[in-house]
Amino acid sequence: MGVIHATRGDTLADVVERILDKGLVINADIAISLAGTELLNIKIRAALASFETAAKWGLAFPSDVRIAKPLAKTNL
């Protein structure tokens, strides 16, 4: 998967749509130590994507989530 760079003119809605369509993974380890003593250790593992994209990449869902049924479209 290649890196996609934002271009001028992209609105926030465009960026959110792109993130939900392609997915975003955050993987971070943060450790704060003072004089050799570890004070804080934070490990972050997060994925942000639409249900359709997450299912495409094989991410697990909670047991009560049904993704096989498409969402109903409403006329606004």
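Heavy-atom basis, side chains included; hydrogens, waters and symmetry copies ignored.
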Mind listing the closest non-hydrogen atom pair of [X] and [Y] along with its distance?
X: Gly23; Y: Ala49; answer: CA-CB, 3.8 Å
X: Ile44; Y: Ile42; answer: CG1-CG2, 3.8 Å
X: Leu20; Y: Thr53; answer: O-OG1, 2.9 Å

According to side chain to side chain contact (heavy atoms under 4.5 Å, CB included), who are the partners of [X], at least two apart in sequence or on a separate chain?
X: Ile32; value: Leu40
X: Asp29; value: Lys43, Arg45
X: Leu12; value: Val16

- line: Between the NZ atom in Lys56 and the NZ atom in Lys22, the distance rounded to the nearest 0.5 Å is 6.5 Å
message: Quick check for you: to the nearest 0.5 Å, what is the distance between Glu52 atom CD and Trp57 atom CH2?
response: 13.0 Å
message: Applying a strict under-4.5 Å side-chain criterion to I, L, V, M, F, W and Y, I'd like to know whether Val25 and Ile19 cluster together.
response: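 Hydrophobic grouping puts Val25 apart from Ile19.
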message: Taking Asp21's backbone N and O only, do any of them form a donor-acceptor pair with Ser50's side chain (distance below 3.5 Å, no angle check)?
response: no
query: For the side chain of Thr11 and the backbone of Asp14, is there at least one donor-acceptor N/O pair under 3.5 Å apart?
result: yes
